[in-house]
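Owing to the predicted nature of the structure, the values given are computational and were not obtained by experimental measurement.
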Amino acid sequence: MIPLSVLDLSVVTTGTRPAAALRNSIDLARHVDGLGYVRYWLAEHHNLASVASPAPDLMIGQIAAVTQHIRVGSGGVMLPNHAPLVVAERFKMLEALFPGRIDLGLGRAPGTDGATAYALRSRLDKREGDDFLERLHELTLWETRDFPAGHPYNNVVAMPDDSPLPPIWLLGSSDYSAELAAQVGMGFAFAHHFATHDAVAAMTNYRSHFTPSGWRAAPQAILAVAAVVAETDAEAEELALSMDLNRLRRDRGQYLPLPSVEEARAYPYSDAERAAIARNRARFFVGSPATVMTRLQPLITATQADELMVITAVYDHEARKKSYSLLAEAFGLAKKAALEGYR
C-alpha cells in the first residue's frame, strides 16, 4: 500500500461559514495526523464563496503548529500571483520553524477569475504571457544564489538564510506540467480530481522523462483524487450528492458554498444535468472501503503513483473525518500509526 495524503480546500458549506471552515481544516489535520497520513496540503483560491483560504502559507503555519508528524504544504501556491522572493522568504521561514515538515507545491493557474487575478498581479512587475517558467527560475535562484555576475539581486538575501527552501513540487492537470516537472527534476502532483487529461499518460511520462537535479535525485509522483468513503455504498452515495450538485454548478462557473444533502436531493435535475453528473462521477471514488479500493487500485498501479492524495468535500465535517478514517483503515495506516506511536 502506498502512503496517503490529504488535499484540503477549506470548503465552505451552506451551513459552515468561512471562519468555521478554516477551523475545520485545523481539526481535520489533527485527525489525519493521528491516523498516519504523511502529508497535508492546502490550496490557494481567491474570490470563491466555496473556498475559505486564499493564503496557504498562513494555514500551513497554523496546522504545523498543532500537529506532530505530518508534512504540511501548499497544493499549491499560484506562483504567478506572487513575487518569487516573497514565496522564498515565507517558505524558508516555515522551514525554519518546522524543519523537515514543509512542502512547497507550485501551480501555474491564477486560482480565480480574470478580474481578481488582475487585482492580485497589478502591482507586480509586468511580464508578457505565461511567465511561470521565469518566476520558477527566479524562485530557485533565491536558493542557489546563481544570479549572473553584477546582477542587483546578488545583494539581496532571502531570509532566514540558514534554512533551505522546502522540497518543491509542481502541480498539474496536463502533460505539459508533467514534462516540465520531469525536465527540472522536481516532484510532480497530478490533479486527477478535476483533470480532463489522462492521469496514466501524464504520470508515466513524468517518470520516464525525469532528469535528476539538485532538487530531487529520483522521480516522485503524487496522484490526487476525490473520494467519499462511508460504511456502506448507499451511505457514501448519499454524502456524494452534495459533491454532485457542487460540481454541476462549478462547470457553469457558479462557485457557491457546498450544498447540503437535502438541498442536493431536492434539486430539479434535467436529463442533461443527470448525464453530466454521471460523467463527472467517472473520475470520483465513492462507496464503502472495499468498493473504493477496488476502483482505486488499478489506477494507482497504472499511474505508478508513489503516493495517493485525497480530497473529500462533503457537507458534514464529522462524515469527512470518518471518510478519511475508513480510508486509512483500508490502506492499513491505523496499525502502522499505532506501531509508530502516533496515537
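- Taking hydrophobic clusters as Ile, Leu, Val, Met, Phe, Trp and Tyr residues chained together by side-chain heavy-atom distances below 4.5 Å, Leu58 does not share a cluster with Leu7.
- Taking the side chain as every heavy atom from C-beta outward, Trp169 and Asp103 approach each other to under 4.5 Å.
- No hydrogens or angles considered: a donor-acceptor pair under 3.5 Å links the side chains of Arg216 and Gln220.
- A salt bridge links Glu231 with Lys322: the distance from a Lys NZ or Arg NE/NH1/NH2 to an Asp or Glu carboxylate oxygen falls below 4.0 Å.
- Checked for salt-bridge contact, Asp27 and Lys321 meet the test: a charged N lies under 4.0 Å from a carboxylate O.
- Scanning both residues, Ser213 and Val184, for their nearest heavy atoms gives OG-O, 3.4 Å.
- Checked by atom type, the side-chain pair Asn280/Asp244 shows no donor-acceptor distance below 3.5 Å.
- Between the side chains of His45 and Ser50, no donor N or O sits under 3.5 Å from an acceptor N or O.
- A side-chain donor-acceptor contact under 3.5 Å links Thr13 to the backbone of Thr16.
- By the 4.0 Å N-to-carboxylate-O rule, Arg108 lies too far from Asp131 to be salt-bridged with it.
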Hey, mind stepping through His192 and Phe190 against ring-ring contact (aromatic ring centres under 6.0 Å, His included) and telling me if it holds? CA-CA 6 Å; His192 174 273; Phe190 184 80; 7.1 Å; no

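- Electrostatic pairing of Arg247 and Asp251 counts as a salt bridge here, judged by a charged N lying under 4.0 Å from a carboxylate O.
- Side-chain N/O atoms of Thr294 and Thr291 include no donor and acceptor closer than 3.5 Å.
- A donor atom on one side chain and an acceptor atom on the other are not found under 3.5 Å apart for Gln68 and Asp33.
- Applying the 6.0 Å contact sphere to CZ of Arg17 captures no more than 12 heavy atoms from other residues, nucleotides or ligands.
- Between Phe147 and Trp142, the distance separating the two ring centers is shorter than 6.0 angstrom.
- Under a cutoff of 6.0 Å and an axis angle of 45°, Arg71 and Trp41 do not form a cation-pi pair.
- Shortest non-hydrogen contact noted between Ser74 and Pro56 is CB-CB, 4.2 Å.
- With hydrogens and angles left out, the side-chain atoms of Ser25 and Ser10 include a donor and acceptor closer than 3.5 Å.
- A salt bridge links Arg281 with Glu237; the closest basic N to acidic carboxylate O contact falls under 4.0 Å.
- Residue Ser53 comes nearest to Leu22 through the heavy atom pair CB-CD2, 3.8 Å, listed as atom of the first residue, atom of the second, then distance.
- A cation-pi arrangement, defined by a distance under 6.0 Å to the six-membered ring centre and an angle within 45 degrees of its axis, is present between Arg295 and Phe285.
- Using a 3.5 Å distance cut-off with no hydrogens or angles, the side chains of Glu273 and Tyr267 do pair a donor with an acceptor.
- In summary, the side chains of Ser5 and Glu307 do present a donor paired with an acceptor at a separation below 3.5 Å, with no hydrogens or angles considered.
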